[in-house]
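Here is the structure we will look at, set down as structure tokens.
Remember, predicted model here, so these are calculated numbers, not experimental data. Whatever order the structure lists ligands and atoms in, that order sets their numbers, starting from 1.
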Amino acid sequence: MAITDRVAVVTGAARGLGQEFAVALARLGHRVSGWDIGDLGETADRVAGVGGEFLPLKVDVTEPVQVSAAVDEVVERFGGLQIVVNNAGIYPPIPFEDTTIDDWRRIMRLNLEGPFSVTHAALPHLRAAGWGRVVNVVSAVVFLGPPELVAYTTSKAGLVGFTRALANAVGADGITVNALAPGLTSTDTAVKTTGADGGFERVRARQAIPHTESPADLVSTLEYLCDERSGFLTGQTINVDGGSAFR
Ligand SMILES: NC(=O)c1ccc[n+]([C@@H]2O[C@H](COP(=O)([O-])OP(=O)(O)OC[C@H]3O[C@@H](n4cnc5c(N)ncnc54)[C@H](O)[C@@H]3O)[C@@H](O)[C@H]2O)c1
């Protein structure tokens, strides 16, 4: 029988994919804490709409002190923590020659250090439960390497390495670690940045399934990775991009 009352943290939950993931986990019955530097009100309303329990926390995941205080707050409120969805990330398109060391560090800091800090702080609680699911949101760019996203692709490829090695480090404790790789998905940020100059049309043209990916297209895979019955699936990168990256 599926157990659906775990405690989950979703980072970058104020909008886009993170909001969708927080609502989906709450809809299943998990208690969810959404973390963001932005306003989590809309996510809280959507979670309430599905009858879920939600703890919104203002957390900058690049600040380890804030991260560990937030983990403590989640555990105090819900009595434990078993599911971590490392979703917060940035993907500014920058030509490689124009990429400054500050751009590079900013991207690595959020996309790589963030998941490190969050997972590191949460892990003792997953171990204590003898059960855990870590899902790292990467990107189909790790298979495609688009030229305007060198720093971003590097950060997400690093997160794939983190996924594999950490899966080995924690597998014996009932904890799985997997990566979920979306293709270009119609969140507000993607529409404003990557998709602004016809990116959606170009990406759609190389997909086997020619529609624009939406956050809802990723939900069933997130649920599958977090499922009680998926305990033998670990260290993998699951690409959900309408069949773009294999072509
Ligand atoms: N949308 C896409 O096309 C797409 C494709 C592949 C992968 N992804 C990945 O999916 C994830 C979400 O993408 P999205 O399009 O939903 O992005 P988004 O910009 O809509 O949402 C990201 C959220 O992260 C929050 N955030 C930013 N910095 C933070 C910090 N320091 N601490 C805590 N929260 C912070 C933002 O406030 C925002 O609410 C990212 O990791 C992205 O790289 C997105």
Side-chain angles (χ1 to χ4, degrees), residues 9-24 33-44 46 56-71 84-93 105-118 121 135-146 148-149 151-160 162-163 179-196 199-204 207 211-219 221-222 237-242 244-245:
V9 162
V10 180
T11 70
R15 55 199 163 112
L17 300 182
Q19 180 180 98
E20 203 67 25
F21 294 157
V23 174
S33 183
W35 296 2
D36 211 294
I37 50 172
D39 181 9
L40 286 147
E42 189 181 288
T43 310
R46 284 190 63 197
L57 292 177
K58 265 240 157 114
V59 184
D60 181 339
V61 297
T62 67
E63 296 294 340
V65 173
Q66 290 185 32
V67 166
S68 66
V71 165
V84 175
V85 182
N86 285 308
N87 165 79
I90 41 169
Y91 42 92
R105 286 177 179 152
R106 184 168 54 95
I107 291 165
M108 298 305 157
R109 190 151 183 240
L110 178 55
N111 295 3
L112 260 183
E113 279 186 35
F116 163 74
S117 298
V118 173
V135 179
N136 297 316
V137 179
V138 296
S139 169
V141 299
V142 300
F143 303 109
L144 296 164
E148 73 286 8
L149 290 169
Y152 175 65
T153 302
T154 307
S155 72
K156 293 297 190 180
L159 204 46
V160 169
F162 175 71
T163 300
L180 171 56
L184 179 60
T185 307
S186 60
T187 62
D188 289 349
T189 303
V191 169
K192 266 190 244 132
T193 56
T194 320
F200 280 99
E201 290 72 17
R202 276 199 304 281
V203 167
R204 221 168 34 226
Q207 292 171 185
H211 78 227
T212 295
E213 185 162 1
S214 73
D217 289 316
L218 293 150
V219 162
T221 308
L222 176 83
T237 299
I238 314 279
N239 189 31
V240 183
D241 72 347
S244 169

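- Of the inter-residue distances, the one linking Leu110 atom CG with Ile37 atom CD1 reads 7.5 Å to the nearest 0.5 angstrom.
- Of all the heavy atoms in Ala181 and Val138, the pair that sits closest is CB-CG2, 3.7 Å.
- When hydrogens are left out, the protein atom nearest atom 16 (O) of ligand 1 is Leu17 N, 2.8 Å; that is the closest non-hydrogen contact.
- Looking at atom 31 (N) of ligand 1, its nearest protein heavy atom turns out to be Asp60 OD1, 2.8 Å.
- With hydrogens left out, the protein atom closest to atom 17 (O) of ligand 1 is Tyr91 OH, 3.8 Å, a heavy atom.
- Side-chain contact check for Pro182 versus Val240: every heavy-atom pair is 4.5 Å or farther apart.
- Counting heavy atoms closer than 4.0 Å to ligand 1, residue Ala190 contributes side-chain atoms (C-beta onward) but none from N, CA, C or O.
- Distance from atom 33 (C) of ligand 1 to its nearest protein heavy atom, with residue and atom name: Val59 O, 3.2 Å.
- For ligand 1, the atoms sitting less than 4.0 Å from at least one non-hydrogen atom of Thr189 are 18 (P), 19 (O), 20 (O), numbered in the order shown with element in parentheses.
- Scanning Gly89, Pro182, Ser186, Ala13 for the heavy atom closest to atom 6 (C) of ligand 1 points to Pro182.
- In this structure, Thr11 does not count as a contact residue of ligand 1, since none of its heavy atoms falls inside 4.0 Å of the ligand.
- Proximity of Thr212 to Arg204: side-chain heavy atoms (C-beta onward) are separated by under 4.5 Å at one or more points.
- Ligand 1 places these atoms under 4.0 Å from at least one heavy atom of Leu184: 3 (O).
- Under the 4.0 angstrom criterion for non-hydrogen atoms, Pro215 is not in contact with ligand 1.
- A donor-acceptor pair shorter than 3.5 Å can be found between the side chains of Thr43 and Gln19.
- Looking only at heavy atoms of the protein, atom 2 (C) of ligand 1 is closest to Thr185 N, 3.5 Å.
- Residue Tyr152 approaches ligand 1 through these ligand atoms, each under 4.0 Å from one of its heavy atoms: 6 (C), 7 (C), 8 (N), 9 (C), 42 (C), 43 (O).
- The line from CG of Asn239 to CG of Leu144 is 7.5 Å long, rounded to the nearest 0.5 Å.
- Within the 4.5 Å cutoff, no side-chain heavy atoms of Val160 are placed close to those of Lys156.
- To the nearest 0.5 Å, atom CG of residue Asn111 and atom CZ of residue Phe116 are 16.0 Å apart.
- Counting heavy atoms from C-beta outward, Ser139 and Tyr91 have side chains that stay 4.5 Å or more apart.
- Interface atoms of ligand 1 facing Gly16, defined by a heavy-atom separation under 4.0 Å, are 16 (O), 20 (O).
- Distances below 4.0 Å separate heavy atoms of Val138 from the following atoms of ligand 1: 6 (C), 7 (C), 8 (N), 9 (C).
- If you run side-chain contact (heavy atoms from CB on, under 4.5 Å) between Asn87 and each of Thr11, Asn136, Val61, only Thr11 comes through.
- Residue contacts with ligand 1, taken as heavy atom pairs separated by less than 4.0 Å, involve Thr187 solely via side-chain atoms from C-beta onward.
- Asp36 OD1, 3.4 Å is the protein heavy atom nearest to atom 36 (C) of ligand 1.
- A distance of 7.5 Å separates CG of Leu40 from NZ of Lys58, quoted to the nearest 0.5 Å.
- Counting heavy atoms closer than 4.0 Å to ligand 1, residue Ile90 contributes nothing at all.
- Considering Asp36, Thr189, Thr187 as possible partners of Arg15, the one that fulfils the side-chain hydrogen bond (donor to acceptor under 3.5 Å, both in side chains) test is Thr189.
- Contact between Lys156 and ligand 1 is present, with at least one heavy atom of the residue lying under 4.0 Å from the ligand.
- Atom CD1 of residue Ile90 and atom CE of residue Met108 lie 10.0 Å apart, to the nearest 0.5 angstrom.
- Per-residue contacts place Gly12 under 4.0 angstrom from the following atoms of ligand 1 (heavy atoms of the residue considered): 23 (C), 24 (O), 25 (C).
- The option with the heavy atom closest to atom 30 (C) of ligand 1, from among Leu110, Val10, Val141, is Leu110.
- Asn87 O, 3.1 Å is the protein heavy atom nearest to atom 11 (C) of ligand 1.
- For atom 21 (O) of ligand 1, the closest heavy atom belonging to the protein is Arg15 CG, 4.0 Å.
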